[in-house]
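Data block below; observations after.
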2 protein chains.
Amino acid sequence: MITIKDVAKLAGVASSTVSCVLNSKKYVSEHTRQKVLAAANELNYIKHGAASELKRKQTQTIGVIVHDMSVPYFSDLVSGIESSAISQGYDLIVCSSLGGERSTAARFIRERRLDGVIVIAENIEDELLLQAAETGFPIVVMDRELHSKHIVNVLMDDEQGGYMATRFLLDKGHRAIAYISGPLSSDCNLMRYQGYLRAMHEAGVEENENWRMGGQFLKTGGYNAAKLLMEGELPTAVFFANDEMAIGGLEAFKEHQVSIPEDLSIIGFDNIHLSEYLNPPLTTFRQPKTDAGSLAGHVLIQMLKGEAVESTYRINIQCVERDSVSCYSIIKS
Amino acid sequence: MITIKDVAKLAGVASSTVSCVLNSKKYVSEHTRQKVLAAANELNYIKHGAASELKRKQTQTIGVIVHDMSVPYFSDLVSGIESSAISQGYDLIVCSSLGGERSTAARFIRERRLDGVIVIAENIEDELLLQAAETGFPIVVMDRELHSKHIVNVLMDDEQGGYMATRFLLDKGHRAIAYISGPLSSDCNLMRYQGYLRAMHEAGVEENENWRMGGQFLKTGGYNAAKLLMEGELPTAVFFANDEMAIGGLEAFKEHQVSIPEDLSIIGFDNIHLSEYLNPPLTTFRQPKTDAGSLAGHVLIQMLKGEAVESTYRINIQCVERDSVSCYSIIKS
DNA sequence: CTGTTAGCGCGTTCAT
DNA sequence: ATGAACGCGCTAACAG
């Protein structure tokens with residue numbers, strides 16, 4: 001293996017000089033600079049990462065922690081983060097927190113193989129993050145709200161999203177609006193529901209408790225809820241806590257000859273890839289993930305540089321209007 | 001920061017002893033072992049990754065190189081790799097080759113911050129990989145075929161897949177089968193086409209050159225090809241080079257009142273998520289990605305351990321039968 | 001102002 | 001079970 005010393009020898013200078021050149025430090029005469037560069041090039045010198053890290057105590061690398069790399073959800077998020085990282089000269093790696101305490105993610109954080117991390121992984125313990133942050137390790141959390149000196153939250157504003165979605169239906173004349181809930185353990189779901197309630201309240205509309213139902217964030221959850229819904233009096237619009245559930249619901253309604261959007265309007269949440277291909281194409285609400293990712297990356301790098309940052313950033317959710325909602329007045333006529 | 005020496009002091013032993021205990025090396029008496037463990041625990045000792053790597057010259061980490069993390073295609077592949085890696089005590093990280101020579105991936109390979117890599121990234125140069133392999137760095141390549149002592153190929157057998165797909169149609173009585181090609185620059189596409197030709201040839205059926213058309217691996221590519229196809233005499237079955245194209249084709253056929261599968265059978269390739277939700281659900285051919293990933297991980301670890309491996313592994317493609325194909329005899333009757 | 005020398009950082013390993 | 005040497009790049013203090 002070629003070391004800095006080999007380069008120094010070939011260039012006829014001291015190894016420290018080589019280091020200075022390679023890191024563009026201090027004043028080194030152009031002449032020796034060229035000599036060093038030429039020698040490094042000739043020998044095909046590559047610095048040894050570990051040795052450099054050992055001394056510098058930083059890796060120029062930031063990590064994205066995901067709870068399971070096989071979830072495509074992260075794609076956009078990660079590409080946003082990547083753009084920030086690259087533009088600032090940081091390397092970016094993704095690691096999974098599968099395995100909890102002994103996961104790659106946990107190890108990399110503990111062993112300081114990263115300068116900072118962005119977390120999108122429910123299955124990593126608050127405790128672990130708080131502990132790391134305690135020691136000054138910068139963390140951006142995107143899937144929960146956590147407060148500590150070195151932790152910043154970048155969150156989708158699900159409450160605002162839920163509010164917006166509900167307002168969207170209200171504005172179309174709907175009053176009988178059901179919210180089909182996701183799992184109660186999910187913060188996203190809760191916030192969306194809060195937003196729903198706020199909009200309903202603001203419009204002076206009561207929530208019909210008979211329509212209060214839900215399930216997992218899955219197709220079957222939506223399917224079952226829709227079936228249940230059809231056993232009683234139908235609302236005129238249904239707000240599904242996410243698109244997957246809306247897909248299930250759509251299926252159930254179809255089976256019972258309830259036409260969408262003629263007989264019933266439905267909206268989803270998330271704007272998953274599929275939603276655009278449904279019949280009818282689903283009106284839904286989009287989380288601007290790339291933007292969120294790039295913000296998260298940007299904020300982390302600010303922390304790394306010791307710049308001041310807010311403790312929480314909230315990203316606005318956006319409406320993606322398609323064809324699964326109609327105006328209530330039109331239905332009636 | 002707590003170092004091994006702090007632990008040694010507290011436990012009243014030498015730092016080397018601590019190292020032995022922590023790495024379960026050599027014979028250390030149970031008594032001191034416990035003392036050391038207790039001390040390490042009390043101080044909350046965590047080894048410094050870089051220092052350890054510096055000495056050991058290995059990182060216990062393998063990397064997956066993807067050309068752009070925002071492509072969901074990799075999800076299953078990665079989760080297969082992950083399962084292999086974890087089971088063998090390796091950490092796994094994903095890094096992107098976006099940026100070519102100066103990408104994170106390229107740097108990590110060069111700086112030996114990984115023990116080995118699995119590559120699924122067309123945009124990384126053969127040269128870079130060959131160079132790294134030259135120095136004994138183990139690489140598994142999944143998106144091309146590359147020959148070098150330390151490179152192993154794990155590939156989807158697209159030729160066999162194309163053959164199988166065509167045979168599937170032939171077995172249903174079809175003789176007039178069009179292959180709608182993807183881009184000619186794509187190896188996958190070429191291999192699928194080769195398989196198609198082999199099956200046709202074997203069955204003694206001539207390829208109708210009027211049906212020889214194609215486009216990008218995209219919806220529009222399939223759409224346009226289908227339109228073109230309908231200008232002449234239709235085949236009884238169409239084999240689209242991938243699902244995206246099949247989706248576009250389906251749309252075009254629908255627009256022209258060609259019913260699938262009554263008037264025309266179609267198949268796709270890839271089994272993307274969407275294909276199951278189409279109308280009719282698309283018969284397609286699945287690349288067992290998780291299996292491929294786990295094989296790739298397994299092979300890489302074998303290389304790391306110095307065990308013997310083949311130079312190329314080919315993964316069989318599997319049929320996913322849905323409702324977009326009918327028997328030719330039934331159509332005629 | 002340019003280049004050098006010496007020693008640091010931390011875990012691992014080998015000879016004792 | 002131990003102490004010292006080692007790995008390699010970086011930096012502070014120093015000399016030319």
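The chains referred to below are lettered A, B, ... by the order of the sequence lines, with proteins before strands, and numbering in each begins at 1.
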Without decimals, in angstroms, what is the distance between [X] [atom1] and [N] [atom2]?
X        : N      : atom1 : atom2 : answer
A:Gln60  : D:dG9  : CD    : C1'   : 15 Å
B:Glu53  : D:dC8  : CD    : C1'   : 13 Å
A:Leu22  : D:dT11 : CG    : C1'   : 15 Å
B:Met1   : C:dC10 : CE    : C1'   : 10 Å
A:Ile4   : C:dT5  : CD1   : C1'   : 14 Å
B:Arg113 : D:dG9  : CZ    : P     : 14 Å
A:Lys9   : C:dT5  : NZ    : P     : 14 Å
B:Asp6   : C:dG9  : CG    : C1'   : 13 Å

Heavy-atom closest pair, residues A:Ile301 and A:Ala85: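 Here A:Ile301 and A:Ala85 meet closest at CD1-CA, 3.9 Å.
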Taking the minimum atom-to-atom distance to the side chain of [X], which one of [options] wins?
X       : options               : result
B:Ala51 : C:dC10, D:dC8, C:dT4  : C:dC10
A:Lys57 : C:dT4, D:dC10, C:dC10 : C:dC10
B:His48 : D:dG7, C:dG11, C:dG3  : C:dG11

Hey, is the side chain of [X] poking within less than 4.0 Å of OP1 or OP2 on [N], counting only N and O atoms?
X       : N      : answer
B:Ser29 : D:dA1  : yes
A:Lys55 : C:dC10 : no
A:Ser19 : D:dC10 : yes
B:Asn23 : C:dT12 : yes
A:Lys5  : D:dG7  : no
A:Ser52 : D:dC8  : no
A:Ser16 : D:dC10 : no
B:Ser15 : D:dT2  : no

So does [X] pair up with [Y], basic N to acidic O under 4.0 Å?
X        : Y        : value
A:Glu53  : A:Lys47  : no
A:Asp187 : A:Arg144 : no
A:Arg314 : A:Glu145 : yes

Would you mind classifying the nucleic acid contact of B:Val28 as base, sugar-phosphate or nothing, using non-hydrogen atoms under 4.0 angstrom?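 Here B:Val28 touches the backbone only, sparing every base.
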[Y] versus [X], side-chain donor and acceptor atoms under 3.5 Å:
X       : Y        : answer
A:Thr59 : A:Arg112 : no
A:Ser96 : B:Glu82  : yes
A:Ser19 : A:Ser16  : no

Under 4.0 Å, heavy atom to any atom of DNA chain C: which of residues 39-46 of chain B qualify?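 B:Tyr45 - these, ordered by number, are the residues of the stretch whose heavy atoms sit under 4.0 Å from the strand.
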A:Ser84 side chain vs A:Ser294 backbone, donor-acceptor pair below 3.5 Å: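 Pair found, side chain donor or acceptor close to backbone of A:Ser294.
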